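Read through the structure below, which is laid out as structure tokens, and then see the notes.
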Amino acid sequence: MSISISENRKRFHLTDGATFSRVLAVIPDEDARLNVEELYFGPALPENAADVLEDTRQKMFSNAVPNDVTMRGAAFYLCPTAGNGDVRPAALQVQEPDGTWSTELSYEGYALLPGKPKLEGLPAAYAEQVDEAETLELLFRDRKTGLEVKLYQCVMNAYHALTSWMVVENGGDEKLVLQRCMSATVHLSGNWDMLHLHGAWAKERQVERIPNMHGTRAIGSVRGASSHQHNPFVAMMEPGADEHQGRVLGVNLVYSGSFLMEADQNEHDLTRLVAGIAPCAWTLEPDGSFTTPETVMVWSEQGLNGMSQIFHKLYRERLCRGVWRDRLRPVLCNNWEGTYFDFDEERILAIARTAAELGVELFVLDDGWFGQRNDDTTSLGDWQVNRDKLPNGIAGLSEKLHQMGLMFGLWVEPEMISPVSKLYEEHPDWCLHAPARSRTLQRHQLILDLTRRDVQDWMIDTITGVLREGSVDYVKWDMNRNFAQIGSALLQPAQQSETPHRYMLGLYRVMEAVTSALPDVLFEACASGGGRFDPGILYYMPQVWTSDDTDAVERLNIQYGTSMAYPISSMGAHVSAVPNHQVGRVTSMRFRGDVALGGNMGYELDLSRQSEADKAEIRRQVEQVKQLRRITQRGRFTRLQSPFDNRIAAWQFALEDDSEILVCLFQRYTAANPPQIYVRVRDIDESALYRDQFGREYSGAVLSKQGLRSPFGWQPEKQDQESLVLHLTRI
Ligand code: GLA
């Protein structure tokens, strides 16, 4: 049992039996209403512990009257509401018809649900077998307005995660406005650092650790996408915790749009963390209901790696769906950096022919194949092939690629419309806009209004049609701008503020329809690189293009940061040309390949124009990926040395039973007279001997306790960057 309930003491103990426990208690409020408070969230407790926990975690006295028991600030409400004297971030703020917002929730009861219920219209982790999960539904009501709140806590015991979401219903007779409606609330005592992933275009998911502070540490997005700038993920860490040890709570929102995560530490060193969609004033009509996205929470006593390994397995196996969830991912070649818009069928076929010769499995035709799209100023929305470039159409090209033994992939950017397009001429009101205001362009384009059912249906039909006609095996689904004027031609004035979330609901409907119409197709999401890399997207598309920055040195940081929450099998990682197109750096083909091995490997350069030596190296790499991807895509990934802090970065992959381990070392830059560096291999069978691909033998104990000595010496004649992939097999 994952959830035990003591009827007499009204306690709920939620645990996976291994990594975490959360204890909730029904406690009368100062004014005799019942409420639910969090008594404990931390490492797993035995079953008998919940009953003897104290009733409240700590009283707080924030005014001049010592022991003032009328203060409400003491509570660790599981669903804190605004306007009641609890001045910390609220999970719920509801404006009533009289304009005020002092919702008073009373706890009314619970239900225990086997497995995990679905979230209406939203992506979420799922249980395949009923015994993988158990869900507690807590029911609250506000007597004045009739507002009903169902708060869900799902213990995904088989995957060691706790998830949280709410369904809010208006059971009264008058309209209510949800000004804030978050997915999860967590309370922590003491000091906690907050690690998060910030970034920019071509610089996604940089790791930053903010030390403990009094006040609010917040990250979020109002861009209409989860964004390059902030990922909907934080790890709360004990100050002494690091990659390998110490307490960490990982929190990740399953959502791809505007969001907010706030960690507020008050004067008594109590931190309340809330996570959810960015507040957006949502009108709830009588009988109307609103479902928040889901938040996934993971507790680790083994530092950040312990947390990441739980996220990775959960997302690989119970968030991603479809046939590609369990298939090894193909090595691809994408023409974008090889040709940009400048291609025709002949040039594409030349690249593809070389790709096939080198063992590549999938060819992806990127932007520029449709309408008049010879640069990025036109044609989004006109999804008809450009016959000047591809005289035989997409179907003709696809057939030729299939004949070469390659799978065929196609780039689309369905959510966008170029003002210079036939679609815009026909439907100028189909984009998000505000009446009589400018329509601000980014990358010369506007965003289609996915709050509209007619636009959603057009998109489903058009995109499904194009992909079917081209017998497409893979899709790169791009999205290259953020919101500016956020309004819809069809929504009522009071609903305009709902546009960002309605857009996401529309997008999820479209993605659900298109991906289920084409169940064998592998989908990879993209948003100017990794501008929408989040669990919401992974529910529909098991891969994401990690970044437009393909420089192997910068990629170490980007992939390292991304791996905090997201599995290796979700990250697109391509070898591109040198000098690199984003930073001008020249690195060896070997180094670029070794970095890309830490993701879904691809080549993004004109393969037909590579030297014979580079082609030979690529052939070797492709062969290596095919041998090793069962370890890289499915094994347990561990970060060993951060590229943010070290000249030599390292990570490793291990099969579940430790019988094979890949240790990957990267020298980011060289140094004169360097110190001897040992990198400790983690989670290795210490009683065993291992042999590497060169026949050398190692003791698991020595690799674990002393470490692997970095092979990179002081060689002034060599390039800065060097790498080593050591494949260790237990003897
Ligand atoms: C975005 C993507 C790139 C490429 C271009 C095409 O920037 O991130 O990979 O597909 O669009 O325009």
Side-chain angles (χ1 to χ4, degrees), residues 199-205 223 225-229 256 332-343 347-348 351 362-383 385-386 389-390 394 408-418 420-421 441-447 463 466-467 472 474-482 522-534 537 541 543-552 554-555 558-559 562 570-577 580-583 596 599-606:
W201 173 78
K203 198 182 167 58
E204 293 88 339
R205 288 168 297 286
R223 294 165 183 268
S226 48
S227 85
H228 295 87
Q229 284 70 17
S256 316
L332 66 80
C333 168
N334 175 307
N335 71 303
W336 178 242
E337 285 198 18
T339 67
Y340 295 103
F341 292 101
D342 181 18
F343 63 82
R347 181 140 185 230
I348 293 298
I351 302 174
L362 159 67
F363 184 88
V364 183
L365 179 63
D366 211 278
D367 195 358
W369 58 266
F370 52 94
Q372 298 304 310
R373 187 116 167 136
N374 296 317
D375 55 35
D376 61 10
T377 60
T378 78
S379 301
L380 293 169
D382 296 346
W383 298 108
V385 69
N386 178 342
K389 287 181 175 175
L390 302 174
I394 286 295
F408 172 52
L410 192 63
W411 178 97
V412 285
E413 194 177 356
E415 298 159 65
M416 297 294 153
I417 181 166
S418 305
V420 185
S421 67
L441 300 177
Q442 282 172 21
R443 210 191 182 200
H444 313 282
Q445 63 201 54
L446 293 163
I447 305 176
I463 298 301
V466 168
L467 302 178
V472 163
Y474 160 107
V475 175
K476 179 174 172 189
W477 182 298
D478 209 344
M479 193 283 292
N480 282 310
R481 68 158 289 177
N482 289 157
L522 172 59
F523 283 84
E524 177 155 341
C526 174
S528 296
R532 210 165 54 180
F533 202 135
D534 55 66
I537 287 293
M541 307 191 174
Q543 298 186 186
V544 183
W545 176 226
T546 312
S547 177
D548 276 348
D549 186 346
T550 55
D551 170 59
E554 302 227 309
R555 266 304 184 114
I558 295 169
Q559 290 170 209
T562 305
S570 66
M571 288 186 223
H574 298 176
V575 170
S576 62
N580 172 267
H581 292 193
Q582 291 79 42
V583 301
N600 290 318
M601 182 94 164
Y603 291 86
E604 188 158 332
L605 69 178
D606 186 341

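For ligands, and for the atoms within them, numbers begin at 1 and follow the listed sequence. This structure is a prediction, so every number in the text was calculated from the model and none was measured.
For Lys476, the heavy-atom gap to ligand 1 drops under 4.0 angstrom. Judged by the shortest distance from any of its heavy atoms, Arg443 lies inside the 4.0 Å radius around the atoms of ligand 1. Distances from ligand 1 to the non-hydrogen atoms of Asp548 include at least one value under 4.0 Å.
At a 4.0 Å heavy-atom cut-off, ligand 1 does not touch Asn334 at all. Residue contacts with ligand 1, taken as heavy atom pairs separated by less than 4.0 Å, do not involve Asp376 at all.
No side-chain heavy atom of Ile351 sits less than 4.5 Å from a side-chain heavy atom of Leu605.
When each atom of ligand 1 is checked for a heavy atom of Cys526 under 4.0 Å away, the hits are 2 (C), 8 (O). Atoms of ligand 1 found under 4.0 Å from any heavy atom of Gly529, numbered from 1 in the order shown, are 8 (O). The contact set between ligand 1 and Asp367, taken as ligand atoms under 4.0 Å from a residue heavy atom, comprises 6 (C), 12 (O). Interface atoms of ligand 1 facing Ser528, defined by a heavy-atom separation under 4.0 Å, are 7 (O), 8 (O).
Taking the six-membered ring for Trp and the full ring otherwise, the centers of His574 and Trp545 sit less than 6.0 Å from each other. Separation of the Phe341 and Trp336 ring centroids falls under the 6.0 Å cut-off.
Using a 4.0 Å cut-off between charged nitrogen and carboxylate oxygen, Arg555 and Glu204 do not count as a salt-bridge pair.
In terms of protein heavy atoms, atom 1 (C) of ligand 1 is closest to Asp478 OD2, 3.0 Å.
Looking at Arg373 and Thr378, their side chains never bring a donor and an acceptor atom within 3.5 Å of each other. Between the side chains of Glu413 and Asn480, a donor-acceptor pair is found at a separation under 3.5 Å.
Within a 6.0 Å radius of NZ in Lys389, more than 12 heavy atoms belonging to other residues, nucleotides or ligands are found.
Considering backbone and side-chain N/O of Asp366, one or more are found under 3.5 Å from N/O of ligand 1.
Listed for the Gln582 side chain is a donor-acceptor partner under 3.5 Å among the backbone atoms of Thr550.
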